[in-house]
Amino acid sequence: MSVLTEASIDTISKPANDHLHGDLLEISMGPHHPSTHGVFRMNIVLDGERVVKLKPVFGYLHRNHEKIAENETYLGSMPYTDRLDYICSITNNWAYALAVEQLAGISVPERAEYLRVITGELTRLQNHAGLIGFLLQDMGASGTPLMYAFREREKVLDLFEALTGARMMCNYMRFGGCRCDLPDGWMEQARKVVDGFPRFLDEFERLLRTNEILMARTQGVGIVTRQQAIAAGISGPMARASGVNYDLRKVDKYSIYDRFSFRVPLGEHGDVYDRYMMRLLEMRESIEILKQAMRDLPAGPIVDPNTKLRNFRPKAGEAYGRIEAPKGELGFYLISEGGPNPYRYRVRPPSLINLTLLEEMCLGQNVSDIVIILGSVDIVLGEVDR
Amino acid sequence: MDEQLKNELRRQGVVATTLQELYNWGRKSSIWPLNFGLACCAIEMIATTMARYDLARFGAEVFRPSPRQADLMIVAGTVTKKMAPQVVRLYNQMAEPKYVISMGACAISGGPFKQGYNVLKGIDRYIPVDVYIPGCPPRPEALLDAFLMLQRKIDEQQLTGPDRPRHLQAELPSEFTVPECSEHDLTPTRNDAIWQVPLVNISNAGKNESGRD
């Protein structure tokens with residue numbers, strides 16, 4: 001992996017000065033660009049349409065999440081984690097709750113674990129649905145796929161709203177459990193959404209999976225090899241698209257994931273098409289997990305009765321809690337000195353680590369491919385810049 | 001014109017209107033927003049344009065990526081100090097008449113991230129804002145409400161007279177100072193012509209009539 005340094009147009013070897021090659025062109029893409037998924041910026045050096053250098057520029061959404069959390073109580077940081085990866089707030093809550101539970105040695109009751117799995121997998125469904133919509137939008141399929149995807153996403157958001165009171169910023173987890181129990185009729189509604197979801201996936205696949213333009217645009221584009229993915233620490237669907245069999249739900253078996261039978265889809269080529277298909281296949285596995293979890297949901301308390309939320313001071317020490325978020329390994333590293341707020345609070349954002357291979361993926365590709373390569377990485381700037 | 005007479009004429013198949021009404025009706029019914037998202041609120045902004053909430057019902061489905069073609073800037077999300085110059089520059093590049101909706105707590109005041117060292121405490125320090133929507137993030141219905149509010153505002157604008165809007169007064173500025181990132185903060189930290197420090201009369205604040213807390 002090359003170290004990204006200040007791009008200077010002079011350091012790049014110029015192509016042969018014949019009539020086919022002109023001067024290199026340096027363009028700045030973003031931070032205002034409809035396809036950079038937020039305020040991401042890339043300084044790109046082009047030879048014609050071919051990318052010869054690409055330097056990402058971060059920090060346009062640096063909201064001081066970690067610094068604020070160090071001056072905030074443990075529970076006070078929970079709503080801030082919603083706004084990290086703002087598309088999937090519940091998995092952020094989960095990773096943070098897991099870290100604090102490790103730090104303070106809190107156990108989670110059975111029912112709360114099931115609720116976490118159900119809401120977490122619903123989050124994965126709506127994240128992946130949204131992502132493939134955006135990816136196809138970036139590819140030029142204006143409107144239709146994104147509208148289909150958002151139609152399904154809204155159904156999941158309705159469930160979140162009924163459960164937590166908010167569509168996006170759910171703030172649902174608490175240390176030792178969840179904030180509130182299921183309202184009446186929620187489960188019936190959720191079953192309807194989950195049972196209807198494969199129909200959306202079938203429709204979506206029929207619409208575009210073997211579309212000639214889609215295959216021409218995505219196959220063989222933005223390849224990450226298995227070795228590159230491992231060396232760069234890439235995780236989540238992006239690593240699995242490159243054939244790395246690494247899913248924390250299987251590796252760590254955190255929460256109660258060892259009770260469910262599900263498969264981990266793996267890609268072969270590591271190109272944009274594999275990453276696109278990975279999301280579609282993962283959604284089907286999530287539906288399997290959801291069906292099993294909804295079937296087995298036990299009765300009982302939703303929060304460990306021994307947990308005290310007021311004057312919460314975990315003993316001195318450190319903990320790292322990580323989960324398989326929809327975008328990859330999301331980890332929270334906390335150091336406690338025994339006070340009411342953490343001494344150090346660090347987020348390991350999957351999108352940022354997955355972005356480190358962006359230049360390698362884009363070199364030699366056309367400038368129009370940058371957009372779909374970036375789209376297939378699935379970044380959310382709230383998490384990249386924090 | 002008398003409202004009753006107008007209705008009577010309409011029943012006879014005659015539409016009587018003024019140039020101002022026609023002009024404002026045309027403008028308010030085809031507001032093209034800038035395709036510009038900053039953070040979490042942008043996702044709700046996208047959700048508003050999708051089939052369920054359907055912003056197209058109000059004539060605003062055409063999101064333009066270029067500021068030159070846009071009428072409305074929806075500042076959707078946290079404006080950081082690194083991003084603020086770009087936001088103001090984009091606003092300056094938009095053609096008059098142009099409007100701004102400040103969407104969400106962050107764009108209004110910095111919101112939950114107000115204490116952050118890199119967060120701008122409200123975009124109205126640099127550009128004039130027409131409609132504010134509170135919320136974190138505001139629901140799509142809230143954005144639709146703000147949109148209707150903006151339409152009402154456009155509907156009431158006078159074509160002539162001293163109260164006419166900025167884009168009809170040549171002497172008023174349509175571009176605003178772009179701040180620069182300096183060592184500790186943006187310079188200038190605010191545009192005094194459009195934003196003043198809200199002053200509270202401390203001697204009376206929080207006291208009842210007897211003068212005690």
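Order of the sequence lines fixes the chain letters, A, B, ..., with proteins taken first and strands second; residue numbering starts at 1 for each chain.
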What part of [X] lies closer than 4.5 angstrom to a heavy atom of chain B: side chain, backbone, both or neither?
X	answer
A:Glu383	neither
A:Phe58	backbone
A:Met168	side chain
A:Ile68	side chain
A:Leu146	both

For the ring pair [X] and [Y], is the centre-to-centre distance below 6.0 Å?
X	Y	result
A:His32	A:Tyr60	no
B:Tyr91	B:Phe36	no
A:Phe197	A:Phe204	no

Whether B:Phe113 and A:Tyr80 hold their rings parallel, tilted or perpendicular, with breakpoints at 30° and 60°: perpendicular
Top residue by heavy-atom pair count (under 4.5 Å) with chain B, among [options]?
options	answer
A:Asp158, A:Asp385, A:Asp82, A:Asp85	A:Asp158
A:Val380, A:Asn64, A:Leu61	A:Asn64
A:Arg153, A:Arg167, A:Arg41, A:His33	A:Arg167
A:Lys67, A:Arg83, A:His65	A:Arg83

Pair B:Asp155-B:Lys153, salt bridge (charged side-chain N to carboxylate O under 4.0 Å, His left out): steps then yes or no: CA-CA 5 Å; B:Asp155 216 15; B:Lys153 182 171 182 174; over 6 Å; no
With A:Leu358, the side chain to side chain contact (heavy atoms under 4.5 Å, CB included) member among A:Ile379, A:Ile373, A:Ile370: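 Checked A:Ile379, A:Ile373, A:Ile370 against A:Leu358; only one passes side chain to side chain contact (heavy atoms under 4.5 Å, CB included): A:Ile373.
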Modelled atom types, side-chain donor and acceptor of B:Asn24 and B:Arg27, under 3.5 Å: yes
Polar side chain donor-acceptor pair, B:Asn118 to B:Lys82, under 3.5 angstrom: no
B:Ala42 versus chain A, the contacting section by heavy-atom distance below 4.5 Å: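 Contact with chain A involves no heavy atom of B:Ala42 at all.
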B:Leu90 versus chain A, the contacting section by heavy-atom distance below 4.5 Å: side chain
